[in-house]
Amino acid sequence: MPGVRYARAPTPYGDWWLAWTPAGVCAGADPGWTEERFLAWLRRRLGGGVERGAAGDVPRQIDWRLVPPGFRRDVLAACARIPAGTTMSYAELAAAAGHPGAARAVGSAMATNPLPPVVPCHRVVRSDGRIGEYSAGGPARKAAMLLAEGVEVRDGAVRR
DNA sequence: ATACCGGCTAGCC
DNA sequence: GGGCTAGCCGGTA
């Protein structure tokens with residue numbers, strides 16, 4: 001799959017690894033990943049033809065090629081519409097995505113989000129306000145990211 | 001089919 | 001508030 005570029009690019013949460021095609025951003029990985037790890041991860045999913053690009057060339061659009069249509073795409077697309085500085089519970093996101101009652105499965109979909117932090121799965125928290133888990137760096141990073149965009153986080157929970 | 005498993009939840013102490 | 005539980009849904013082996 002030629003035409004895939006990647007770079008360590010600035011985000012509101014620091015420099016993250018991002019990958020893109022002419023169609024849009026298709027993958028992301030947290031700052032803790034080494035370049036080798038991200039590259040290997042990209043090649044396994046997109047094939048060869050992945051090359052380093054310029055951080056300034058990252059498109060704004062999202063390229064959903066790594067998210068198969070269906071439940072996961074529905075949920076991640078709905079997640080992408082959560083405004084910065086706000087949060088939604090797993091149950092609310094399930095309903096917003098057209099799958100009421102699937103809160104538990106939404107957690108699993110977030111856990112396999114291939115494009116953090118572009119698809120802001122860090123804005124999805126538990127119904128009781130507790131921060132919940134975060135695959136791309138753990139709950140502490142999730143809390144820091146929320147704080148960075150103005151969400152009040154106290155004792156591992158957000159205001160509800 | 002069938003049996004787990006996991007970024008959850010509501011209900012009940 | 002805390003802790004525990006059965007129930008929940010979609011993914012994967």
Side-chain angles (χ1 to χ4, degrees), chain A residues 1 4 6 8-21 24-35 37-47 58 62-160:
Chain A
M1 177 72 67
V4 180
Y6 73 95
R8 184 126 175 145
T11 76
Y13 326 103
D15 289 350
W16 284 55
W17 292 107
L18 295 179
W20 65 93
T21 68
V25 199
C26 62
D30 78 76
W33 284 38
T34 61
E35 177 165 6
R37 182 180 179 190
F38 188 50
L39 195 46
W41 184 93
L42 287 173
R43 287 195 166 128
R44 191 153 83 72
R45 285 168 185 72
L46 298 165
V58 183
I62 291 176
D63 177 346
W64 294 103
R65 74 181 59 205
L66 291 177
V67 185
F71 179 80
R72 287 181 60 215
R73 173 101 53 110
D74 294 345
V75 170
L76 288 170
C79 177
R81 296 193 289 270
I82 304 175
T86 69
T87 61
M88 201 178 259
S89 73
Y90 293 91
E92 287 166 346
L93 180 57
H99 299 268
R104 194 62 182 76
V106 163
S108 301
M110 296 298 102
T112 54
N113 173 18
L115 27 137
V118 178
V119 171
C121 55
H122 62 281
R123 296 185 190 135
V124 187
V125 301
R126 290 184 167 230
S127 288
D128 62 6
R130 285 155 61 201
I131 211 86
E133 274 300 328
Y134 191 60
S135 303
R141 173 173 275 138
K142 186 172 181 174
M145 291 168 76
L146 287 171
L147 279 169
E149 53 188 38
V151 175
E152 288 183 48
V153 184
R154 316 177 311 236
D155 296 322
V158 303
R159 233 165 183 290
R160 293 248 78 207

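Computed from a predicted model, the values in this text were never measured in an experiment.
- With distances taken from any side-chain atom of A/S127 to the nucleotides B/dT9, B/dG7, C/dC9, the minimum falls on B/dT9.
- C/dG10 atom C1' lies 13 Å from atom CG of A/L76, rounded to whole Å.
- One cannot find a donor-acceptor pair under 3.5 Å joining the base of B/dG7 and the side-chain atoms of A/Y134.
- The OH-C1' distance, from A/Y90 to B/dA10, rounds to 17 Å in whole Å.
- Nearest nucleotide to the A/C121 side chain, out of C/dC9, B/dG7, B/dT9: B/dG7.
- For C/dG10, the OP1/OP2 oxygens have no side-chain nitrogen or oxygen of A/S108 closer than 4.0 Å.
- Heavy-atom contacts from other residues, nucleotides or ligands closer than 6.0 Å to CZ of A/R73 number more than 12.
- The residue A/A103 sits close only to the backbone: its heavy atoms come under 4.0 Å of sugar-phosphate atoms, none of a base.
- Across all strands, A/A91 comes closer than 4.0 Å only to sugar-phosphate atoms, never to a base (heavy-atom distances).
- Taking atom CD1 on A/I82 and atom C1' on B/dG7, their separation rounds to 13 Å, with Å as the unit.
- Rounded to a whole Å, the NE2 atom of A/H99 is 18 Å from the P atom of C/dC8.
- In this entry the distance linking CD of A/E92 with P of C/dC8 reads 21 Å, nearest Å.
- Residue A/V124 is in base contact, counting any heavy-atom pair closer than 4.0 Å across all strands shown.
- Proximity of A/R104 to the phosphate of B/dG6: no side-chain N or O atom is located under 4.0 Å from OP1 or OP2.
- The distance from atom CZ of A/R130 to atom C1' of B/dA10 is 13 Å, rounded to the nearest whole Å.
- Within residues 135-156 of chain A, the residues that place at least one heavy atom under 4.0 Å from DNA chain B are, in residue-number order, A/S135, A/K142.
- Closest to the side chain of A/F71, out of B/dG7, C/dC9, C/dG11, is C/dG11.
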